[in-house]
Structure formats: structure tokens, C-alpha cells
Amino acid sequence: MHYDFRKIEKKWQNYWADNQTFKAISPETGLKDEGQKPKFYVLDMFPYPSGAGLHVGHPLGYIASDIYARYKRHKGFNVLHPMGYDSFGLPAEQYAIQTGQHPAITTEQNIKTYRRQLDQIGFSFDWSREIRTSDPSYYKWTQWIFIQLFNSWYNKTADKAEDISVLISIFENKGNTSVNAACDEDTPSFTENDWNGFSKVRKQEILLKYRLTYLADTEVNWCPALGTVLANDEIVNGVSERGGHPVIRKKMTQWSMRITAYAQRLLDGLEKIDWPQPLKDAQKNWIGRSKGASVTFKVQGGSSDSKDQVKEDRENEIEVFTTRPDTIFGVSFMTLAPEHELVPKITSAAQKDEVDAYIETTAKRSERDRMADVKTISGVFTGAYAEHPFTKASIPIWIGDYVLAGYGTGAVMSVPCGDQRDYDFAKHFNIPIPNIFEGVDISEVAFADKERTIITNSEFLNGLRYKEATTKVIAELERIGSGKGKINYRLRDAVFSRQRYWGEPFPVYYDAEGMPQMIDEAHLPIKLPEVEKYLPTETGEPPLGNATHWAWDNEAHEVVSNDLIDNKTVFPLELNTMPGWAGSSQYFNRYMDPHNDEAIFSREAIDYWQDVDLYIGGSEHATGHLLYSRFWQKFMFDRGWVPKDEYAKKLINQGMITGTSAIVYRISGTDKYVSLGLKDDYEVEELRIDVNLINSADELNVASLRKWQPQFANAKFVLEGGKYIVGREVEKMSKRWHNVVNPDAICEEYGADSLRLYEMFLGPLEQSKPWNTAGITGVHSFLKKLWKLYHSGEDQNFEVSNAAPSKDALKTLHKTIKKVAEDIENFSFNTSVSTFMICVNELTSQKCTSRAILEALAVLVSPYAPHIAEELWQKLGHGDSISTAPFPTFEEKYVAESSKEYPISFNGKTRFTLELPLDMDKEEIEAAVMAHDKTQHHLQGRNPKKVIVVPGRIVNIVG
RNA sequence: GCUCGAGUGGUGGAAUUGGUAGACACGUUGGACUUAAAAUCCAAUGGCCAUUAUGGCCGUGCGGGUUCAAGUCCCGCCUCGAGUACCA
């Protein structure tokens with residue numbers, strides 16, 4: 001029987017499904033003997049099921065994780081390897097807007113396609129644990145987490161999140177003066193008496209400033225074309241990541257997540273996880289910690305000297321953040337962001353019109369415009385002056401759009417001699433540029449080099465360097481009450497509301513006072529309502545505003561018709577939905593106990609599985625999902641629901657598989673196409689054609705091309721050497737370039753095992769690399785050779801012998817065991833495919849038919865090519881799946897030889913060879929080398945300290 | 001601009017981490033088997049020179065350096081890719 005991969009693969013895929021071969025065993029189902037096995041959790045980033053289905057680039061990471069999961073099963077681990085779908089998302093919603101088709105239906109169809117495609121590749125997923133973020137039984141728990149966040153605050157002293165009731169009792173007993181919490185900037189101080197006298201609404205307003213998710217008027221990135229708010233990571237170059245629509249800034253009442261409370265811990269946590277350095281760098285950058293000082297400048301005029309009027313003083317102070325407090329004597333002006341709240345208050349009557357006009361023009365400018373001309377300097381003088389905290393000099397206050405409202409305090413102390421932007425601004429508006437750096441010429445550019453700084457013209461800082469000056473000035477600022485050392489983060493709180501339909505509804509209604517109220521956990525999930533249209537309403541409300549059945553009856557505890565709203569017992573529900581990252585921020589924990597309806601997961605399950613041992617996915621999620629999920633995990637940890645504050649010990653970013661587009665060259669203005677080698681003789685235009693029409697030698701199948709698209713039906717082709725050769729270009733795999741290769745076609749023609757091997761063989765997992773279907777014949781013929789090793793004769797009958805394996809065969813096998821085990825542990829899956837090929841070639845030429853060798857080989861190959869391995873395993877007489885067969889143990893003795901010749905080279909000229917026994921130790925080898933020929937080699941007169949011998953290689957002598 | 005990462009045959013990529021550069025595969029060329037094609041198998045395949053076999057020289061983006069020995073380490077460049085961007 002020949003290698004019939006279609007039959008074999010179907011057979012084993014059915015077998016695995018029928019026998020639930022890959023079902024992980026965990027506490028809720030009874031651990032029994034599996035409890036003795038160590039656990040291992042291998043996770044893939046679950047996909048968004050798009051309508052286009054999978055192309056060959058998508059499964060790359062899944063294949064790698066599958067190999068690892070299968071390997072760990074062979075190694076005796078109880079492996080958790082689940083899969084699910086991140087099934088809320090924009091494409092299904094946009095499709096719904098266009099067609100009226102409910103997103104749930106589209107999503108269901110797409111999932112079916114995905115599942116079929118995944119199944120045909122032969123993954124060892126535990127499908128009994130499948131989750132979908134759009135499933136109410138799943139998003140029930142997303143809503144639950146939201147409620148927990150709402151009911152929590154961040155205690156900076158304890159450096160963790162705590163229940164809001166703890167905070168309330170502090171307020172009741174001591175007010176908030178002693179509370180050190182992550183909260184809104186504008187939180188007022190109050191005593192316990194104040195608190196106890198506050199109205200119920202007032203109390204709620206204040207608590208909202210402390211909650212980890214809170215409602216606030218935030219300046220958001222509004223995308224008019226999509227009718228929704230976008231997070232920073234959903235904007236690329238000032239336009240929306242999806243669709244490329246313009247984005248403007250707008251104030252809206254939105255739910256936000258107080259991720260900034262966790263900024264430092266998110267940074268610190270990176271130290272203890274094994275994630276790729278570039279990804280860690282991206283997160284570090286995103287969090288953007290900078291150390292400096294906060295300095296307060298009094299606004300001159302109109303302020304009172306009286307200490308009783310604290311409030312008024314505060315209103316007339318400008319707080320700035322600077323990383324260079326040492327340059328404070330170089331301040332010659334201040335700049336506020338146009339949006340800064342103090343601007344209207346301090347602007348002089350004379351400057352008012354000019355300032356208003358400037359604010360208006362900058363507000364109109366989109367983020368994109370603003371970024372596009374960074375070079376243009378603009379700004380307006382406010383007419384107001386601030387007072388220097390040390391010199392008491394008057395400093396003019398300007399506004400300028402190079403100062404961002406969203407970073408620091410939205411105000412800067414401008415030191416033109418030390419900062420290029422301040423310098424440019426000062427030059428442009430003829431503001432003085434005092435020099436405070438010793439021996440530095442600042443006539444052309446600012447001097448921003450911290451390391452070589454020596455401060456001068458700065459009173460008590462004269463002669464100091466950056467570090468000492470900074471320490472001293474901060475101490476001085478603290479003494480006079482004008483500032484303090486401060487660490488600032490670039491990270492902003494994450495806006496959590498989306499004006500979309502196809503997302504998780506908030507478990508929130510608004511009471512008679514308009515205050516948000518959480519729906520009791522017992523009544524979750526709050527299911528997404530049906531709507532007529534998936535667009536925003538005519539009044540500009542989110543799509544849920546179209547729902548007629550979207551009110552909360554707080555007595556019946558159910559969602560009821562909007563007509564019943566009376567603001568006594570029936571209230572309106574929140575119209576926004578949650579963003580895409582909500583569903584993906586705890587999904588990895590839900591897999592541990594996915595059907596639990598009483599809790600997000602059981603204590604037993606989380607205690608047993610703990611965390612993810614290996615997480616594989618794309619690096620594009622660096623500052624999105626991978627940051628938010630770490631934030632939620634830390635929150636879950638603080639509140640005691642999970643035992644680890646980092647959820648993934650190791651993470652690998654698989655590279656992208658790019659497409660290799662095929663290009664034909666049309667002579668301009670004609671219907672004539674010339675082959676690649678002739679194109680330079682004509683004026684041609686390039687057309688991309690379907691890559692599936694090209695053979696392995698870049699030769700075009702002209703007949704198929706004519707059928708492919710009508711425009712080619714009657715085209716003429718100018719050949720070279722009787723062939724039409726196409727040009728090739730490596731680019732992203734996309735329908736647009738006609739370079740998409742579908743895994744279905746590959747599985748049909750070469751089989752899933754070939755696809756799996758080839759995807760690994762292409763190159764290192766983490767690298768991006770081009771797909772070229774032609775090369776797959778290499779791994780495919782390897783599989784055929786592997787098959788033949790177990791079969792012989794004309795009819796290819798299965799045949800192995802029970803004779804003892806030869807020495808050579810054992811050596812080949814154990815070399816392979818060693819290399820493959822190392823490769824898998826190091827995630828170098830590409831090189832082990834080569835190792836298999838060498839192994840099979842050697843065993844073939846050795847005419848090896850030994851059962852012992854061939855059994856071990858089947859297990860070795862099994863993680864990579866599981867279908868053929870299962871088939872061979874069965875033919876070898878085993879009644880069960882190969883998946884739990886123990887991984888063969890490497891034994892040095894089969895590989896080692898009794899003695900080996902070592903060629904020795906000293907200066908590239910003198911060479912000689914020594915034959916030494918393998919078991920010699922260093923000293924003996926050294927002695928042997930010395931004894932061999934003291935006169936010829938360069939050791940003469942030296943005293944070598946050590947001799948390194950590598951089998952088959954040169955002796956290294958370190959003198 | 002800043003931060004990472006990478007440059008090795010016609011192509012994808014190996015190289016036990018300082019030890020015979022180019023494993024393995026694709027492609028190409030030649031051969032065997034075929035009426036033929038496909039499939040399969042065998043041989044050659046970094047460049048240059050030489051040849052009667054044995055051989056010789058050059059070669060890992062460029063220029064230096066360390067070392068008995070450098071694709072690998074150090075210094076200075078060049079090119080490409082990714083991320084990020086008025087972050088005070």
C-alpha cells in the first residue's frame with residue numbers, strides 16, 4: 001500500500017475526535033492518575049473568525065504550539081491546549097450594516113469554516129473547552145469582571161487593588177486626607193464629617209473618581225466614518241487602523257479603565273517573564289516612565305497672598321512636569337497646551353481675541369494634520385506672566401500646540417537653551433535664550449546632552465552636573481513648597497466604551513439621578529438586544545439606542561421594554577458596548593474551567609493550572625491585548641482570584657508568512673505580455689496574477705491564465721525559450737495581490753503532515769518569511785520515504801523485523817533523538833525537519849527494518865507529522881494513540897565512539913592529527929598533545945592552561 | 001529623530017555559540033528508467049584557477065582590530081526591516 005495521506009489523515013482526525021484523545025484532565029473532572037503528571041499549558045492567541053477563512057500564514061503559530069503540546073504529552077505532562085474564538089468585532093458588524101444579516105449569523109458561519117480548516121490540519125486542541133467571546137455564557141464573566149473593577153479602588157500604599165467598601169469605611173472614619181490612592185486629578189479633599197454629610201449622589205460622584213473603572217468626560221479619538229471611539233493602539237499614523245479613516249479629538253462621557261494605577265507594576269512585571277525583548281521594549285516604551293520633577297509656578301497678578309485662600313492660589317498656579325529640573329534657571333517662558341484649563345482664566349483682555357482664534361484653529365486640526373506638520377511652529381502669547389520660584393522673575397506664558405494636553409500636566413517650563421523644541425519656539429517668537437551651560441555654544445542649536453552638562457548662571461546650582469543639580473534643586477523646591485520629585489508615565493487610562501453593536505453590553509443602568517448602577521451579579525449575563533439597524537441612531541446615540549427592549553427592571557431583575565422606563569423601578573441601560581480587548585483579557589483563565597456557571601473558574605481549576613507555560617501569537621498585540629490582559633491579571637491577582645500576577649511565563653511571537661506575488665508584463669497599450677527576461681526591451685506595466693497559475697520554475701501556465709480572468713482570454717504572450725517566466729515579488733499575503741495560498745488546497749494535494757512540516761521547514765519560527773508552494777515537494781517526498789522505511793516489496797507491504805538493531809542504526813536514531821529534543825526545547829522547529837530527513841536517508845541506506853528503531857522514529861516524528869505517525873504506530877501493532885507514547889530517551893553510548901582522530905591546527909600551517917580515546921580528561925589530552933610533538937607546534941615555550949577537544953574538530957589550546 | 005532586529009550561494013535557510021562556512025531543501029544541469037510524460041532514483045551545483053588523480057587561491061554588507069583560529073567577539077561605517085514618534 002502506498003502512502004495514501006488523504007485516507008490516513010481523515011481516519012486519524014476522526015479517531016482523535018471520537019476518542020477525545022487530547023482532552024486535558026483537570027480537577028473538576030477528576031484528576032485520578034493524571035494528577036500525578038505535571039501540568040503544562042500551551043496557549044495560542046485565539047483568532048477573530050474573519051469571512052476570508054485561513055490562509056497558509058495563519059496556522060504557523062498553531063503548528064508550532066501543537067508540536068510543543070504533543071511533545072509535552074510524550075514527555076508525560078498533562079497538557080492543556082485549548083482553542084476558541086475572539087468572535088466580537090468590527091467586520092461582522094460592518095457586514096451587518098451592509099446586508100442586514102445579524103452578526104451572530106455571520107460569525108457562526110465563519111467559525112464553521114475556521115473549525116473545518118483547523119481540523120484538517122490535525123491540531124491536538126481540546127475542543128471540549130472551546131470558548132467564544134460573543135457567547136452570553138462567556139461574556140457573562142466579562143461583565144462580571146467589569147463589575148469587580150467598578151467595585152475596586154487602587155490603594156497606593158498597599159500597592160494593590162482593594163474592595164471599594166474598604167475605601168468607604170476610611171472615608172466614613174477619616175475622610176480622604178490620609179488616603180493614598182490612584183484617582184482623578186480633580187478629586188477634592190474632605191473630612192469624615194464632610195463625607196458623612198454628603199448626599200448619596202455626591203458620594204457616588206466621589207467614589208467614581210477612585211473606582212478602577214469609571215465614567216468620565218474624556219477627550220477621545222473619535223472616528224466619524226466608523227461612528228465610534230478608537231483606542232490609541234487602534235490608530236495608525238493618525239487614521240483608523242481599520243479602514244484608514246480620519247480621526248478627530250472630541251469630548252465624550254466614556255467608561256475608562258484605570259490602567260495607569262498599574263503602570264509601575266506592569267513595567268516591573270516584565271522583568272520576571274520570558275517574553276521577546278522587542279515586545280518588552282514596546283511595552284516599556286508605551287508605558288513611558290520618565291523621572292523628573294513637578295514644579296509649580298505662580299501666575300502673577302490677581303492672586304492673593306493670604307494663606308487662607310488656598311483654593312484661589314491653586315487656581316492661579318501652573319504645575320509642570322520636567323525631566324530636567326536642573327535647568328530651571330534657563331526658563332525664559334512657559335507654554336501651555338491650547339486645551340489647558342487655565343488658559344481662559346489667565347489670558348489678558350488684550351490677547352483674548354488672538355488666543356481664542358488660535359484655540360479654535362488648533363481644535364479643528366485633526367490629530368493627523370497636527371502630526372503631519374510637526375515642523376510648523378505656532379503659538380500665541382496669553383498676556384499673562386508666571387513667577388520663577390527662585391529668581392521671582394516674570395516669565396511670559398504662551399500657548400502652543402507643540403505642548404500636548406494629554407502628557408504630563410499639559411504645561412511645560414520652556415528652557416530654550418536645553419530643549420530643541422523650546423529653542424525653535426523661542427527663535428520663532430524672538431524670546432530670549434539664556435545660556436546656563438558652561439562652555440557650550442547655543443547660537444545654532446539647543447544643548448540637550450545630560451551627560452556633559454555643567455550648570456552655570458544658576459545661583460546655587462553653579463558648577464554642578466546633571467545628577468547633583470537635579471537632586472539639589474528638587475530638595476530646594478520641596479523646601480520652598482514649589483515642587484517635588486515625580487515620576488511621570490506616558491500611559492493613559494484606557495477608554496472602555498465603544499459605540500458599536502457587536503460587543504459585550506455593560507451590566508449597567510442609570511438611575512433617576514443619572515448615576516451608573518451595576519446590575520447584581522446574580523442576574524448576569526445581560527444579553528445583547530436585538531436591533532433593527534446596526535448603525536448609530538439619528539440622534540447620534542450608539543447602535544444599542546435602536547433597541548426597543550433595553551431597559552432594566554430593578555424589581556423583576558430583567559431586561560424589559562424601553563416603554564416601561566419610569567426611573568423608579570425601570571431604568572435605561574448603558575448604550576455603549578465594550579471594546580475588542582475586553583473578551584480577550586481573561587480568556588486564558590476561563591479555558592481552565594470553561595463551562596462553570598457559578599464562577600469565572602473554580603478555585604481548584606485555577607490552583608491546578610496556575611498560568612500559561614507557553615503562549616504563542618503575533619507581536620502586533622504588544623501594546624493592545626498583551627498589555628491589557630496583564631493589567632486585568634494583576635487586578636485579578638490583587639483581589640485574590642488568581643494565584644499569579646503574570647499569566648504567561650513564556651511568550652513567542654511567530655513571524656509573518658508573506659506571499660510571493662507573480663507578475664506578468666503587459667506592453668503598454670497592447671494586449672501583449674512579455675516574459676520576464678524581455679521586459680526591459682519594452683515599456684511595460686506590471687499586473688499581478690494568481691500565484692496558483694505558476695509552477696516551481698516561475699513558469700506561467702498560459703492556458704489556465706486565459707481561463708482565470710477574461711482580460712487574458714485572447715492575450716498574446718511573448719515567450720523566452722518556449723516559456724513565459726513571471727516576475728516575483730515578496731509582499732503581504734492578501735487577496736488584493738492574488739498571492740493568497742489556501743491551506744485547504746495544500747492539504748488536498750500534499751496532505752496536512754506535509755503542510756505542517758513545510759511551515760516549520762520554511763525558517764525560524766519568529767522570523768517573517770515568504771511562502772513558496774514549490775518547495776513543499778521536499779518535505780512531501782520525505783514523508784513518502786519515511787513511509788517506505790516501514791514498507792517493502794512491489795506492493796509496499798508493511799514489514800519490520802524483530803532483529804536487534806545495527807550499531808549504525810542506533811547511532812542514527814540517538815543522534816536524531818538528541819537533536820530533535822533540543823530543537824523542540826529551543827523552538828528551532830525548522831532544523832529538526834532537516835534532522836528527520838537525514839535520519840530517514842541514513843536508515844534507508846542502512847536498510848534498517850528494526851522494529852525498535854522504527855517505533856522510536858514514529859514517536860519522534862509524531863509531534864510534527866501526527867497522522868502518518870499514528871498510522872505507522874497502529875501498523876506496528878499498538879492499539880492506542882501514539883500521542884501518549886513516551887518520548888525516546890537519548891543514550892550517549894550509541895553516539896559516542898571508542899576513539900576519535902582530532903586534527904590539530906596551531907597557526908594555520910602546522911597540522912597534525914592525534915588519535916585519542918574519548919574518555920580522556922582535559923589533563924590527559926593536554927599531556928598527549930604536549931607529548932606528541934613538542935618541537936613542531938607553537939606550544940613550545942608556552943604554558944597552556946587548558947585544552948578543549950571537540951569531537952571531530954580542532955583542539956583549542958588556551959595559553 | 002529615537003528604540004530594537006537583520007545582512008551568508010540563483011532561492012529559503014544551516015553552522016554544536018570562537019573551531020573544516022554553505023547542513024537540509026527548492027531551483028538548475030547531466031544521467032538512469034520510460035514510446036513519451038509524470039513519478040522515482042543517481043550525479044554535479046559558492047566563485048576563480050588548475051588538472052593525470054592528488055590540488056591551489058578568494059569568499060558570510062563595507063573598513064579596521066583582538067586571536068593559533070572570527071559568519072560568530074570589539075571599534076567605525078553602509079543598507080534593509082519592524083516598532084515608535086512634538087513625551088517636556
Return the set of residues passing salt bridge (charged side-chain N to carboxylate O under 4.0 Å, His left out) with A:D493 (not counting sequence neighbours), or none when no residue passes.
->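 So A:D493 forms no salt bridge (charged side-chain N to carboxylate O under 4.0 Å, His left out) with any residue.
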Check every atom of [options] against the side chain of [X] and return the nucleotide holding the closest atom.
X	options	result
A:Y402	B:A14, B:A23, B:C86	B:C86
A:A774	B:G13, B:C26, B:C86	B:C26
A:P770	B:A15, B:C86, B:G12	B:G12
A:L404	B:C24, B:A88, B:G13	B:A88
A:T323	B:A88, B:A25, B:A85	B:A88
A:M837	B:G13, B:U84, B:A25	B:A25
A:F761	B:G12, B:G13, B:G83	B:G12

Run the salt bridge (Lys or Arg N to Asp or Glu O under 4.0 Å) check on A:E892 and A:K818 step by step: do they pass?
-> CA-CA 9 Å; A:E892 184 78 47; A:K818 184 171 191 226; 5.3 Å; no
Can a side-chain donor-acceptor contact be found between [Y] and [X] if the only test is distance below 3.5 angstrom?
X	Y	value
A:Y402	A:D422	yes
A:E317	A:T296	no
A:N826	A:E822	no

Return the value, rounded to whole Å, for the distance between atom [atom1] of [X] and atom [atom2] of [N].
X	N	atom1	atom2	value
A:I399	B:A88	CD1	P	22 Å
A:Q654	B:A82	CD	P	17 Å
A:Y407	B:A85	OH	P	13 Å
A:N841	B:A43	CG	P	11 Å
A:E759	B:C24	CD	P	23 Å
A:K815	B:C24	NZ	P	11 Å
A:E731	B:G81	CD	P	14 Å
A:D281	B:A85	CG	P	15 Å

For a side-chain contact (heavy atoms from CB on, under 4.5 Å) with A:C839, tell me which candidate from A:L813, A:T816, A:L860, A:V861 qualifies.
->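 With A:C839 as partner, A:L813, A:T816, A:L860, A:V861 yield a single side-chain contact (heavy atoms from CB on, under 4.5 Å), made by A:T816.
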In terms of base orientation, is B:U17 syn or anti, with the syn window spanning 90° either side of 0?
->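 B:U17: syn.
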Syn/anti state for B:G9 [syn: chi within 90° of 0] |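 Syn.
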Any [X] side-chain nitrogen or oxygen under 4.0 Å from OP1 or OP2 of [N]:
X	N	answer
A:N830	B:G12	no
A:R421	B:C87	yes
A:K784	B:U40	yes
A:Q767	B:A6	no

Of A:A411 and A:I838, whose nearest nucleotide on RNA chain B comes first from the 5' end?
->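 Here A:I838 is the residue nearer the 5' end.
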Between A:M413 and A:I776, which is nearer to the 5' end of RNA chain B once each is assigned its nearest nucleotide?
->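 Its nucleotide being nearer the 5' end, the pick is A:I776.
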For nucleotides [N] and [M], find the distance between their [atom1] atoms and express it as a whole number of Å.
N	M	atom1	answer
B:U11	B:C74	C1'	33 Å
B:G5	B:A53	C1'	49 Å
B:A44	B:C24	P	11 Å
B:G12	B:A23	P	15 Å
B:U3	B:A88	P	14 Å
B:A14	B:G9	P	14 Å
B:A38	B:U29	P	13 Å
B:U79	B:C62	C1'	10 Å

Pair A:H388 and A:F329, ring centroids less than 6.0 Å apart =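 For A:H388 and A:F329, the ring centres are under 6.0 Å apart.
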Given the side-chain rings of A:Y3 and A:H791, with only the six-membered ring counted for Trp, is the space between their centroids under 6.0 Å?
->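 Not under 6.0 Å, so no.
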Under a 3.5 Å cut-off for both contacts, is [N] paired Watson-Crick or G-U wobble with anything, and if yes, with which nucleotide?
N	result
B:G59	none
B:G5	B:C80
B:U20	none
B:G10	B:C26
B:C86	none
B:U67	none
B:U72	none
B:A50	none

Answer yes or no: does atom NZ of A:K484 have more than 12 heavy-atom neighbours from other residues, nucleotides or ligands under 6.0 Å?
->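 12 or below, so no.
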What nucleic acid atoms does [X] come within less than 4.0 Å of, heavy atoms only: base, sugar-phosphate, or nothing?
X	answer
A:D422	nothing
A:K818	nothing
A:T777	sugar-phosphate

